[in-house]
Structure formats: structure tokens, C-alpha cells
Asks: 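This is the structure, below, for whatever I ask next.
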Amino acid sequence: MAPDPRVARAFKAMKAIGITEIKVKPVLKKLLRLYEKNWELIEEENYRVLADAIFDEEDDAKVSDQKKSKIDEENYEEEAQEEPLRPLKRLRRGQEPRVPPSPSNSSPSLGGALLKMPKVEDDELPATSSQHQSQDSVKSPRLSAGNGRGEIQRLGNKGKEPVSAHVASTENRCIRKRSSQALSIREPAVEPGIRLLPKKVSGTQALIIPKDEPFTDDMLIDNRPQYEVPIAVIHPDSIGNGVSSSGNVSLEEQVSEGPPASPHLDGQHRVDGVPASSSERRSSNELSTIPEKNPSSLEIASSPMGEERLETLTPCDLLTKSTVRDALHNGGIKGNIYTCFADVAPPQVPRPLKFLNGLNDLVGTSEEMVANGSPMSDKGDPEFSGSCSLALVPQCQLTPDDLRVIHDVKDITKGEERVEISWVNEVNNERLPTFYYIAQNLVYQNASVNFTLSQISTEHCCSDCFGNCLASTSAIACACARQTGKFVYTLEGLLDEEFLAECVSMTRDPQQQCLLNCRDCPLERSKNEDILDLEPCKGHLERNIIRECWSKCGCHKQCGNRVVQRGINSKLQVFFTPEGKGWGLRTLEKLPKGAFVCEFVGEILTTKELYDRNTKKHNCPVLLDAYWVPKGVSKEEEALCLDATKFGNVARFLNHRCFDANLIEIPVEIESPEHHYYHLAFFTTREVDALEELTWDYGVDFDDHDQMSFQCQCASKFCRIMKRSNRSRSLSTAR
Ligand SMILES: C[S@@+](CC[C@H](N)C(=O)[O-])C[C@H]1O[C@@H](n2cnc3c(N)ncnc32)[C@H](O)[C@@H]1O
């Protein structure tokens, strides 16, 4: 096969400055991945980025060699003394300063959960040293969701079968099958006066990152399982106004040069340790809060694994780095820029970190952070204690968009949520997959989801209520609780134990599960154009639902019957799982049983639209089929699902756990009594410890090849794939 002329030209340009093909090849390959094959970025300025990246690679190799020699010569203690200046972790994350993964998910597993990233084709470039990870193919996820009414309102669903238009044809067959789901979240603590930053980044990184590049499947690289149902390339523009408020995580990635070692330590918090609000954070770009006595910027990375690194750099140092300078002038945003900008302080002499006795004195583990409520407790030096001042940061001519990106580095929600949600990768140098963070579901195109006040009759709201419906002493049940017979929330904001137990039982207990089958399943209709190919409905799991008060109700926004609509309130963190599941979500604080964690948020699609997307990189779309059977589905367009692959919230990072997941998903009606659309909320099924991963039973039938499939690593003793043979026994034991 003839070599790509662009490759040949790149080789030639490098050869002209004395760089051999053998050195060019691997770096070029990385850049192609990083830039998603956007050659223009590589070719700019006579392949400057490429040359920079190669030189950086060489520099890093030298540093690595020097370090190795040093380690041979010095004893362990001596090495430890130098840790602050050259973190051990750097070796592991060695690639980040050079050619950072693309914002859109450069790493194989990254895309993992949601988006899979195809590698650069080998035939495009000669063989390289890029690593290849095993790839599992993932089939279309089982779409599940449900809505039920308290004890209430039970609805059936399971996942795959067409529902006839209108006719609520249902054979209510109780079938033993399937599962439940749930999850919870938390937030990282932050250190006043000290910012956790990624290590230095090469200019290449800073210059790279095409912000608005279209995201296409073939630009992605991922070795992890792919979803059977691919996702379409969605441009923010095509989504409508609602998207404007969403955040593009890829942009965040662009800003950060590498996976944050410990997002807990970011500077996005106020001095009092309280997470800054979105607006506060935004303004902090203009007024940088800095430690009064901290003369220099301080880069700190740490991890629960005990790997930390510290580096002092003056703002001047940072700003005079050519790469940063270039990036600023070019309007590019990079990790370094973020670092320098965020830490810009009055020019002072960098302060040596000798006073640190060891990293562990300064940077605690995640557990310590959680326990102490602060990731860094000023142990190292009182000067790091909260006192701050505001300093103007005039040098950087960043656009408002740039500033927005900068702020998003440590908060994937970009201020969309009430709480900040950081991400951390203590396993490798993969970055978050590219997606736009949205806190509320958004209609993609055809989904017929209309909320009008006129739709809500007095039967559907409690207009006579006042204050907190749960605290009412009225003998007459609040209208919003009528369907369930009682409120399903307690005054503490948790799910009523009995209601939760019933929900869990209905999804987990084979004896209690009830699958309802519709005659003309919309799901099957969406999958198959030819009516002759239609498969029978596979059943929809019967569920309980929650009905919350809403705008037409007379109660207060803080009414106890408004939990899900108030959004995430726990301290959550997206992290890279060490078990091969890709990214996951964990809580940073202990969560009680029955706590709301988050909603599954994504694009609202018709099932037809979902299948039309024809992508194999879906992030577990969820079918809103809770009412299909009881109410029927009048037209195909009303068969809705949620796809969080490109637009979603933290729930897209929830991994699957067979049977005994700590989260369960429950349908929640909020704005609309129309049953074809509802919210899907995750609640804890038990108390969840701080740092525990939050999991949800996708309800995957690993024997059904029509469903999403992956090599389950849930480690549950009830794992359906690992212990299939013992499944029945396990389930009964668990009960
Ligand atoms: C909704 S995503 C979860 C987030 C995902 N881990 C990521 O990195 O973005 C679902 C995908 O995560 C992976 N996954 C989830 N649960 C898993 C498990 N128990 N074992 C292995 N992989 C899992 C699979 O690749 C699955 O297709």
C-alpha cells in the first residue's frame, strides 16, 4: 500500500531538520490520535508541533535515564527527599507532558464506558509502539428504565419488545429475570491556598486540542469494549439552545495536561473550603485568589496511591515558557496555561519546598482527605493556610470561552450542578472521554416531550400545599402522594425503607420480578424496519415510581417531596477503575441507605433515533419504558430513551455490578404526568462508604447477544457472567 503522502511529507520535513523516520513515526502516530487525524494542526508552521513533540519525547527519555541512574546511586531516603521536585508518579504519567491524549478520549479504555476510540489505522502509519489493549465488544445495552408509583404505582418494563401503538396490549407475565440498579455520588474536598495541578506540559500539548473539531467515531481510540449501538456524531449546534449551558468535557481535557492526580486539591474552592459556585469560579478567572504568602505557583499532585509530586514555578516562569506564550497568543488553551493562569500571583521568588518533610506530610491520601475533610491540612507550612488575597491577572488575553474551559478542569459539570465533581486517574494517563456535561435531559430532535402547566391538573399537583408537604399535619394526603399512598421520602430526604425494599425486590428478586410484555413493542419496531422481522417483546420490568411535587404545587422548592429535581448533592468523583472497567463513579463521603445520588441524564431520543444513530459506541442508553405496557405507546415517536454518550451527566460513568449493586434506579415523575417521559434516579440500596465505587445493575443478560455485552469485572459473588453456573443458587442465597 502506498504510504500516505501526508506521512511522507511529515517524514521529509523532519528529515530536513535531522530527525529520522524512526523517531518521527511513533510521535506522529500519537499526534494523529491526539488531533483526531487533523493533519492541519500537525502541518502548521512546518510541522512545528511534531518537532516539539519529538524533542519533548527525547527530553523526557533523558530525564528518565538520569533518574534511573540516580536511583541506582542513591539510597531510598535520598530519593524520597527529592520527591517534591520529581514525583514518582511522573514516570507513570510520563506521556502527559509531551503528547497528551486527545481531549476526545485518546486512550483506548477511556472512551471505554461510553465512547470507544478507534486507533489510528496501522496501514496509515508504519507499525508503532503504541500499546494495544484488549478490546471487548459491547452490544447494545439493554435499555431499561421504569417508572412506578409507590407501592404503589407499579409499572412493567424490561427491555426489548415492541409495544403496540396505543394498545396497551399486555400479557402480564411474571417472569423471573433481571435486576435493579442504583448509584450514589460525592465530592472532593479542596485545599485552600494550594492548587493541585498537572505536572508540566509541553508546549505541544498546549497548542494542540482542537476545540470544536467534529467528533467522529473513527477518530477515537479505544481498546475497551464497544457498544453495539453506535452513537451518532452530534454537534452541539444541532441540539438546540439547551446545549449552550452544557460543558464540553473534551475542552476540559484540553485544558488539563494530564489526568489530575487528585482533583480534590484543585483551587476551585473558596478559602473557607466551600466549593465555589459556578459564578464565583468564573469570576476567579479574572481575580485570581492566591495565598498571600505563597510567593510562587505551586503544582501539587497526589494520589491515594502515595504518589505525589510538587513543583514550584513562578508565574513568570510559567508565562515565559514559549509553549505557554504561544498558546496564549494563539488562543489555544492547555494544561500549562491553566496552570500558569490559575496560579498567577504577584511575581515573587518561587518558594522552595524544602520545608516539606515528605509528600505524605503535605498531601494526604484520598482516605485522609475524606477523613479530614480537606485534602491538604496545612501540615507543611502555615503559610499555606487559607489566607488569600485577590490579584488581577491581566496578562492572559483569554476569551470568555477559554475561561470557561479553564474553570472546568476540576469540575466536569462546569458549574451545571450544585456541587463540583472532579475526576482523577490514578491508574494510567487516560483522560475522560469527550462528552458535553448536561445536568438536565435535553431533547435531541424528534422526541415529543412537552411540559405545559395546563397539562397538570389539580389531581396531579398539590396547589393547596404550603412549605414542606412532608411536614404537613393535614389529614388529607397531599395530591402528589396520592398515587403512592404515602410520601416515599423521609424528612431526612432519604427513601422510605419500605418503598426502597419493594423497589429492590421488584428488580432483584426473581420471585418478585414481573416482566410485562407488550404486543407491539416500540423497541422492536425501532430495531427492525421490516415488520416481518419483528421479534416479540422481551418484556418490561414492572416498577414502582416516585411522583415529586413541581411548579404548580403550592409547596416550597425545599419541600421534602422534591429530592431528585434539586439535583446532585453528594460528593462524587469520577475515577479510573483499576479493575479494567474503565472510568467509574465513586462517592467521597459516606452515603446513607436510600440516598438520592444522581439522575441518569442524557439526550432524549426516540428509540428510532437511537437505532438510526447506528453507532457502536453508545454509553448504555436507557429505555424509558416504564409505562409502555400499562399505558401503551401511541406512536413510535413516543418510545423514548436516554442516551448519555455525547451529552450526559455523571451517571454515564456508573459501572455495572451484577445483582448486589449499591444503587438502584427508580423512575421519577416530575414535570409531566405524561408517562412516556420521566426521570430515572439512582438511590443507594444500602449505606455506602466513602471512596466506594457506585454501581448499578444494568440488567444485562450476558447470554443475550442482542444486548450490550462486556467482560464483566464487577467482582460480585453473584456475577452473572463469572458464576453463571451457580447463578440460581447465588441469587437465592443473597435473598
Ligand atoms: C455506562 S459505561 C460506564 C462507564 C465506563 N466504564 C467508562 O469508562 O466510561 C458502560 C461501560 O463500562 C464498562 N463496564 C461497566 N461495567 C463493567 C463491568 N462490571 N465490567 C467490565 N466493564 C464494565 C463497559 O465497557 C460498559 O460498556
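We count ligands from 1, going down the list as the structure has it; atoms in each ligand are counted the same way.
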Asks: Which of the atoms in ligand 1, numbered in the order shown and given with their element, are less than 4.0 Å from a heavy-atom of C714?
Replies: 19 (N)

Asks: Taking 4.0 Å as the limit for heavy-atom contacts, which would you say applies to C712 with ligand 1: side chain only, backbone only, both, or neither?
Replies: both

Asks: Within 45° of the six-membered ring axis of F659 and under 6.0 Å from that ring's centre, is NZ or CZ of R720 located there?
Replies: no

Asks: Measuring from the heavy atoms of F576, does anything fall under 4.0 Å of ligand 1?
Replies: no

Asks: Would you check if T695 and N662 make a side-chain contact, meaning some heavy-atom pair closer than 4.5 Å?
Replies: yes

Asks: Near Q711, which atoms of ligand 1 are under 4.0 Å from a heavy atom of that residue?
Replies: 20 (N), 21 (C)

Asks: Which option, L585, V622, V574, N655, owns the non-hydrogen atom nearest atom 12 (O) of ligand 1?
Replies: N655

Asks: Hey, is K581 close enough to E693 for a salt bridge, meaning N to O under 4.0 Å?
Replies: yes

Asks: Check each of R613, K646, Q445 against E603 using the side-chain hydrogen bond (donor to acceptor under 3.5 Å, both in side chains) test, and report the only one that passes.
Replies: R613

Asks: Side chain, backbone, both or neither: which part of R657 comes within less than 4.0 Å of ligand 1 when only heavy atoms are counted?
Replies: neither

Asks: Would Y678 and H676 count as a close aromatic pair, with their ring centres under 6.0 Å?
Replies: no

